[in-house]
Each structure stands twice: as structure tokens, then as C-alpha cells.
2 protein chains.
Amino acid sequence: MRWLAPSILCLLWEKPTHGYNLMGALPELGFVDGGVDAAAVYRTLNLFEQQGLVSSVWDTSGSGAAKKLYTLTAAGKTELQRWWQVMREQRDTIDCFLHRLADLPDFIDQLSQSRK
Amino acid sequence: MRWLAPSILCLLWEKPTHGYNLMGALPELGFVDGGVDAAAVYRTLNLFEQQGLVSSVWDTSGSGAAKKLYTLTAAGKTELQRWWQVMREQRDTIDCFLHRLADLPDFIDQLSQSRK
DNA sequence: TGCTTATATATGCAAGTTGCAAATATAAAT
DNA sequence: ATTTATATTTGCAACTTGCATATATAAGCA
């Protein structure tokens with residue numbers, strides 16, 4: 001999944017949570033295609049912790065298997081800001097590309113025909 | 001480089017050309033970060049030809065090494081339309097993500113402080 | 001003439017990323 | 001008991017990427 005890193009940072013910024021819960025919440029952000037890969041989520045979280053972007057505590061309070069509760073650090077918030085800028089640039093670049101194609105009339109004709 | 005495939009299709013749709021020229025034109029589209037990889041361009045063109053998205057003829061008319069002139073086929077145009085839709089969705093999703101973060105006030109405060 | 005630079009295409013490979021499967025563990029539901 | 005849901009982790013094959021290198025033609029220049 002593209003944009004997994006900023007998606008996790010975004011969700012953790014909204015609310016500290018654990019990996020399994022993130023898996024359920026990630027599709028809301030819209031970047032998923034064909035299901036969230038658990039391995040990728042947990043690997044990203046472990047990497048983030050190594051990098052100091054998140055901190056974790058084991059939560060054994062509830063029932064079932066122990067949950068590892070992740071919280072965004074100050075460094076994690078900075079990283080999220082960096083991502084925000086990267087994604088804004090990416091959006092603008094894609095937008096520019098779309099307009100470049102949209103300016104060309106036959107192409108748009110074909111597109112509107114295919115919508116009918 | 002992300003979006004190399006649609007970028008090449010876009011440029012070929014505007015005007016038939018050859019690989020080396022594409023390398024020079026690709027940065028205009030804005031997706032490059034750290035230079036265009038010649039290997040990636042030529043590999044993509046060869047793949048496109050295999051898939052029937054482009055057709056090629058050797059151009060030995062000019063001076064210097066022979067150029068392989070690529071032209072977009074009907075299938076290539078259809079593929080470009082497909083990419084257009086994929087990229088529009090991607091832009092909308094990124095836009096949604098940016099707004100989700102933008103709605104949160106402290107975050108924006110921090111961003112505006114970092115701009116000063 | 002020999003050297004470098006620009007044009008032009010192609011191949012090889014190491015490193016990184018991704019996706020899918022499976023291992024491990026606890027507890028609830030059937 | 002067995003399956004299902006919760007929860008985290010590891011292994012690995014396949015694919016992608018970036019970088020270097022090989023090959024070839026011709027122009028510029030000393």
C-alpha cells in the first residue's frame with residue numbers, strides 16, 4: 001500500500017492505538033487497494049519505534065492477546081508535517097498532469113463518451 | 001520514479017518521439033526526484049511495445065546513433081485514459097487526507113509557524 | 001590523429017519494497 | 001472440542017528501483 005507511513009502517523013496523531021486497530025481504521029483514509037497487509041502495518045510500527053517516531057506500552061488490561069499501544073512522539077509529529085508537505089506537492093503535481101491531459105479536447109471527448 | 005508509465009504515455013500521446021528525448025521532457029511533468037533513470041525509460045518503452053501500447057520504427061535519417069521512434073497505439077490511448085482515472089482518484093484521496101489533517105488546528109498552527 | 005562530449009539504446013545487478021503465507025498466542029463463541 | 005476473532009511477528013519469493021556499465025555513432029577540438 002502506497003502512503004502507509006503517513007496514514008499510520010495520521011491515525012496515531014488523532015489517537016494513540018495499537019496495530020490491529022490501525023488495520024481496521026486504515027481503509028477510511030482511502031489508500032488501500034485489496035486489503036491492508038498486517039505484516040506491513042506491524043513492520044512499519046516497529047520501524048517507527050526504532051526511529052523514535054512513536055513510543056509503545058504493552059496493554060494487558062483488556063481480554064484477549066496483549067496489545068501494544070502506540071503513541072506519536074514529538075519527532076513523529078514533525079515527521080507527519082514533513083509528509084503533509086510531500087503529499088501536498090504530490091497532489092499539486094498530479095493535478096497539473098491531469099490538467100495537461102484535460103486541456104486536450106479529443107481525449108476529453110473520448111472520456112465523456114466512455115461515461116455514457 | 002513514481003508515475004513513469006503514465007508520464008511516458010502522456011508525452012507520447014502529445015507527440016511521437018524516442019527514448020532519449022523523453023528523458024529530457026519527463027522533468028516537465030514534475031514527477032522526477034533526483035534525475036531521470038535512462039534504464040527505467042527504455043525498459044518501460046520495451047515493455048509498452050510488448051504490450052502493444054506503442055509501436056516503434058528505427059529512425060536513421062538524422063546524424064548520430066539510430067533513434068527508435070515510438071508512437072502511441074489505440075491500446076496505448078486506452079491505457080492512458082485508465083491512468084487518468086487512477087490518478088484522479090489518487091489526487092482526490094490525497095486531497096481528502098490533507099484536509100483531514102488540515103482540520104486539526106494545532107497542526108496548522110505549527111505549520112504556519114514553520115513557514116515564518 | 002586521438003580525446004572528450006553528446007546522442008542514443010540496452011543490460012546487469014544489488015538493495016529495497018511488497019504481498020502473501022504461516023507461526024504464535026489468548027479468549028470468546030458455537 | 002473446534003472455530004472464530006483478536007493481536008503480533010517472521011519468512012520468503014517476486015517485483016521494483018537506482019546505479020553502474022556496455023555498446024555504438026558522430027561532432028567538437030587540440
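Each chain gets a letter, A, B and so on, in the order the sequences are listed, and its residues count up from 1.
Here the side chains of Ile94(B) and Gln90(B) are in contact, with some heavy-atom distance below 4.5 Å. In this structure, the side chains of Met87(B) and Leu98(A) come closer than 4.5 Å at one or more pairs of heavy atoms. Proximity of Leu26(B) to Leu4(B): side-chain heavy atoms (C-beta onward) are separated by under 4.5 Å at one or more points.
When all heavy atoms of Glu49(A) and Ser55(A) are compared, the pair lying nearest together is OE2-C, 4.1 Å. Counting all heavy atoms, side chain and backbone alike, Glu79(B) lies closest to Leu9(B) at CG-CD1, 3.7 Å.
In the region residues 20-28 of chain B, proximity to DNA chain D at under 4.0 angstrom, judged on heavy atoms, holds for none of the residues. Residues of residues 43-53 of chain B having a heavy atom closer than 4.0 Å to DNA chain D, listed by number: Arg43(B).
Judged as a side chain to side chain donor-acceptor pair (under 3.5 Å), and not counting sequence neighbours, the contacts of Thr17(B) are Asn21(B). Judged as a side-chain contact (heavy atoms from CB on, under 4.5 Å), and not counting sequence neighbours, the contacts of Arg100(B) are Cys10(A), Leu11(A), Glu14(A), Glu28(A), Leu29(A).
Using a 4.0 Å cut-off, some side-chain N or O of Lys68(B) falls inside it from OP1 or OP2 of dA10(C).
Ring geometry for Trp83(A) against Trp3(A) counts as perpendicular: the plane angle is over 60°, on a 0 to 90° scale with 30° as the lower cut.
One interatomic measurement links the two molecules: OH of Tyr42(A) to C1' of dT10(D), which rounds to 13 Å at whole-angstrom precision. Rounded to whole angstrom, the span from the NZ atom of Lys67(B) across to the C1' atom of dA26(D) amounts to 11 Å. Between the C1' atom of dT16(D) and the CZ atom of Arg2(A) lies a distance of 11 Å, rounded to the nearest Å. Note: CG (Asp33(A)) to C1' (dT18(C)) measures 11 Å, nearest angstrom. Counting to the nearest Å, the P atom of dT9(D) and the OH atom of Tyr70(A) are 5 Å from each other. Between the CG atom of Leu4(B) and the C1' atom of dG18(D) there is a distance of 13 Å, rounded to whole Å. Rounded to a whole Å, the CG atom of Asp37(B) is 6 Å from the C1' atom of dG18(D). Rounded to a whole Å, the NE2 atom of His18(B) is 4 Å from the P atom of dA8(C).
The same ILVMFWY cluster, assembled from side-chain heavy atoms under 4.5 Å apart, contains both Phe31(B) and Val86(B).
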Sugar-phosphate means primed atoms, P, OP1 and OP2; the rest is base. With that split, encode nucleotides 25-30 of chain C 5' to 3' as B, S or - using protein heavy atoms under 4.0 Å. -BSS--
Would you mind writing out the side-chain donor-acceptor pairs for residues 64-73 of chain A within the sub-3.5 Å range, not counting sequence neighbours?
| from | atom 1 | to | atom 2 | distance (Å) |
| --- | --- | --- | --- | --- |
| Thr73(A) | OG1 | Gly52(A) | O | 2.6 |
| Thr73(A) | OG1 | Leu53(A) | O | 3.0 |
| Thr73(A) | OG1 | Ala75(A) | N | 3.4 |
| Thr73(A) | OG1 | Gly76(A) | N | 3.1 |

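Distance check, rounded to the nearest 0.5 Å: CD of Gln85(A) to CG of Leu80(A) gives 10.5 Å.
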